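Since we're looking at a predicted model, the values are computed, not measured. Each chain gets a letter, A, B and so on, in the order its sequence line appears, and its residues count up from 1.
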There are 2 protein chains.
Amino acid sequence: MLNYSISEENYLKAIYHLQKTDGTVSTNELAKELNTKPASITDMMKKLKAKKLLNYQPYRGFRLNAYGTKVALTIIRRHRLWEFFLAQKLKFSWDEVHEVAEELEHVSNKKLIDRLDEFLGFPRVDPHGDPIPDVNGKIEVSKKINITELPLHTAGTVASISDQSSEILELLEHRNITIGTKIEVNKKFEFDNSMEIKIGRQAAFTISEQLAKNIFVDHAK
Amino acid sequence: MLNYSISEENYLKAIYHLQKTDGTVSTNELAKELNTKPASITDMMKKLKAKKLLNYQPYRGFRLNAYGTKVALTIIRRHRLWEFFLAQKLKFSWDEVHEVAEELEHVSNKKLIDRLDEFLGFPRVDPHGDPIPDVNGKIEVSKKINITELPLHTAGTVASISDQSSEILELLEHRNITIGTKIEVNKKFEFDNSMEIKIGRQAAFTISEQLAKNIFVDHAK
DNA sequence: AAATAAATTTAGGCAAACCTAAAAATTATA
DNA sequence: TATAATTTTTAGGTTTGCCTAAATTTATTT
Ligand SMILES: [Mn+2]
Ligand SMILES: [Mn+2]
Ligand SMILES: [Mn+2]
Ligand SMILES: [Mn+2]
């Protein structure tokens, strides 16, 4: 596996995340994600294609190939292991880890990452509940459901949060919602799709549709 | 304290180390240290001068000013804390830590470094025996002497190694010489300045002048 | 099926950090 | 103190990764 620049690594990671939802990624989409201009995306797509990391036909969008996916997964592995380290060992809160991991992930020494993994006890998920790829880049796919799809009065365990801005994480922290929290939905209001939820013995409270859409739970069916 | 590029940080650190021996650093000297060409040094010196990090007169060499020294010390702090982390927590050998720390040192989040320091128990020296600057950039200056100046038959404790190439560190490891090792000089040979030394209960053996010049000891006078 | 709108690419530039070759300044030597 | 050698700087390029503005292609409306 060759060495890639910080920019190339950030592009690969962003494409990986975007193509999970869409099948193929568009120039504008990626430009927005990376806070750059569409012209810069086209430049980089030519380069990444030349380096055989993705498939790209002008005007037709792009998609990582098998090799590009493998590279993306090693970067995601680094990112999530560092996030776990920051949260677990350095007592960073879960809304602070992402920004720092965004830089640490580009230190590409393999021994460093594998030893870190071992030191941390081979964690399987990062502080946001996202799975950590193993040494071989294998990633665990768990069947999580969105809280809006959780049947009423049925306990679900918070497994991950899709939006990871510090704003949402701050709000969740304030509401005592964290990975592992047991949640039950009491009622859904059709008017604005808000819902009343209950956590443990606390009094029930209401959350907005916007927030609910970002909370995923493991649902012991 | 502003943010500097990876290149700028590497230049600052190199100048700091070079000016400890010489008073002022020359273009060629720094080019050699950084494996670049003299013309590149001149380019960068103009930039660092414009950023008020050093004093520089064309053809007259350069020297960090107070502010540049402070910046250099925060980079050295990061470098040595990561070296300590790698050796202590990730079981890297002391000849492997430098290369990785060379990359990790450029992640400039202050909270990360201060928390890492705390996590490691505020270590005072890195795996090569070099002092780690504290939160305020303060560095401990210890009065070490070179082993060639150690009186015969007097125990000294290895405190640091000046050359830190993996070649020398590998050799020292093989010879069972590490930070903290107690050494006694049995005899010096004027012919080639080699010397016979003794470590603990081991049989005495000979080391070259070249090697000896890199070993510094704390000498309980 | 035109016409219009939106998305994407191309063309041409810029800054950072390098480089080589030539010019200029400094230092050493005869 | 000239002359030669060495060191340093300048001039002019290159590559990477970004930008704006214009051209082109594709998609959406009438
Ligand atoms: Mn990143
Ligand atoms: Mn994460
Ligand atoms: Mn470095
Ligand atoms: Mn060191």
Side-chain angles (χ1 to χ4, degrees), chain A residues 2-15 18-19 21-64 68 71-72 75 102-103 105-108, chain B residues 2-15 18-19 21-64 68 71-72 75 102-103 105-108:
Chain A
L2 298 174
N3 231 54
Y4 300 99
S5 73
I6 291 176
S7 274
E8 288 168 339
E9 291 193 346
N10 285 332
Y11 274 80
L12 290 172
K13 194 157 60 88
I15 295 169
L18 288 173
Q19 69 180 27
T21 25
D22 317 29
T24 171
V25 182
S26 76
T27 302
N28 273 354
E29 230 180 323
L30 186 54
K32 194 177 174 187
E33 175 76 15
L34 291 172
N35 292 305
T36 57
K37 303 291 156 168
S40 307
I41 302 297
T42 303
D43 281 352
M44 186 62 98
M45 290 313 100
K46 285 179 187 165
K47 191 163 39 132
L48 296 183
K49 184 186 184 178
K51 292 191 177 186
K52 300 193 186 309
L53 287 155
L54 46 73
N55 301 117
Y56 163 57
Q57 298 295 124
Y59 297 101
R60 295 275 99 120
F62 30 83
R63 197 166 211 321
L64 297 180
V71 176
I75 302 159
E102 202 55 53
E103 295 191 51
E105 71 186 357
H106 302 293
V107 176
S108 64
Chain B
L2 297 174
N3 231 54
Y4 299 100
S5 73
I6 292 176
S7 275
E8 288 168 338
E9 291 193 345
N10 284 333
Y11 274 79
L12 290 173
K13 195 157 60 88
I15 296 169
L18 288 173
Q19 68 180 28
T21 24
D22 316 29
T24 171
V25 183
S26 77
T27 302
N28 273 355
E29 228 179 324
L30 186 54
K32 195 175 175 189
E33 174 74 16
L34 291 172
N35 292 304
T36 57
K37 303 291 158 170
S40 307
I41 302 296
T42 302
D43 282 354
M44 186 62 99
M45 290 312 102
K46 286 179 186 165
K47 195 171 21 142
L48 296 183
K49 185 186 183 179
K51 293 190 177 187
K52 301 192 184 310
L53 287 155
L54 46 71
N55 301 119
Y56 163 57
Q57 299 294 124
Y59 297 101
R60 294 277 99 116
F62 30 83
R63 199 173 208 316
L64 297 180
V71 175
I75 302 159
E102 203 54 54
E103 295 192 49
E105 71 188 356
H106 302 293
V107 176
S108 64

K.L.:
At under 4.0 Å, does any side-chain N or O of Tyr11(B) touch on OP1 or OP2 of dC18(C)?
P.N.:
yes
K.L.:
How would you label the contact of Thr27(B) with the nucleic acid (heavy atoms, under 4.0 Å): base, sugar-phosphate, or nothing?
P.N.:
sugar-phosphate
K.L.:
Quick one: does Gln19(B)'s side chain get under 4.5 Å of Glu29(B)'s, heavy atoms only?
P.N.:
no
K.L.:
Using a 4.0 Å heavy-atom cut-off across all strands, classify Phe62(A) as base, sugar-phosphate, or nothing.
P.N.:
nothing
K.L.:
Rounding to a whole Å, what distance do you find between Met45(B):CE and dT10(D):P?
P.N.:
14 Å
K.L.:
Can you name the nearest heavy-atom pair linking Asn3(B) to Ser108(B), along with the distance?
P.N.:
OD1-OG, 3.5 Å
K.L.:
By nearest atom, which of the nucleotides dC18(D), dT10(D), dT9(D) is closest to the Ser7(A) side chain?
P.N.:
dC18(D)
K.L.:
Verify, without hydrogens or angle tests, whether Glu33(B) (side chain) and Leu18(B) (backbone) share a donor-acceptor contact under 3.5 angstrom.
P.N.:
no
K.L.:
For Arg60(B) and dT6(D), give me the distance from atom CZ to atom C1', rounded to whole Å.
P.N.:
14 Å
K.L.:
For Asn35(B) and dC18(C), what is the distance between atoms CG and P respectively, to the nearest whole Å?
P.N.:
11 Å
K.L.:
Which is true for Ser40(A) with a 4.0 Å heavy-atom rule: it touches a base, it touches only sugar-phosphate, or it touches nothing?
P.N.:
base
K.L.:
How close or far is atom C1' of dT8(C) from atom CG of Asn28(A), stated in whole angstroms?
P.N.:
8 Å
K.L.:
In whole Å, what is the span from the NZ atom of Lys51(B) to the P atom of dA15(C)?
P.N.:
14 Å
K.L.:
Taking only N and O in the side chain of Ser26(A), is any of them less than 4.0 Å away from OP1 or OP2 of dA7(C)?
P.N.:
no
K.L.:
For the side chain of Tyr59(A), counting heavy atoms from C-beta on, which of dA11(C), dT8(C), dT20(C) is nearest?
P.N.:
dT8(C)
K.L.:
Whole-Å distance between dC14(C) P and Lys37(A) NZ?
P.N.:
18 Å
K.L.:
To the nearest angstrom, how far is Met44(A) atom CE from dT10(C) atom C1'?
P.N.:
18 Å
K.L.:
Indicate whether OP1 or OP2 belonging to dT9(D) is found under 4.0 Å from a side-chain N or O atom of Tyr56(B).
P.N.:
yes
K.L.:
On DNA chain D, nearest-nucleotide positions of Pro58(A) versus Ser5(A): which is more 5'?
P.N.:
Ser5(A)
K.L.:
If the cut-off is 4.0 Å, is Lys46(B) near the phosphate of dT10(D), judged by side-chain N/O to OP1 or OP2?
P.N.:
yes
K.L.:
What are the two closest heavy atoms between Phe62(A) and Leu54(A), and how far apart are they?
P.N.:
CB-CD1, 4.5 Å
K.L.:
Please evaluate residues Tyr11(A) and Leu30(A) with respect to the criterion side chain to side chain contact (heavy atoms under 4.5 Å, CB included), reporting the C-alpha separation (whole Å), side-chain torsions for both, the decisive distance (0.1 Å), and the verdict.
P.N.:
CA-CA 8 Å; Tyr11(A) 274 80; Leu30(A) 186 54; 4.1 Å; yes
K.L.:
In whole angstroms, how far is the P atom of dC18(C) from the CG atom of Asp43(B)?
P.N.:
9 Å
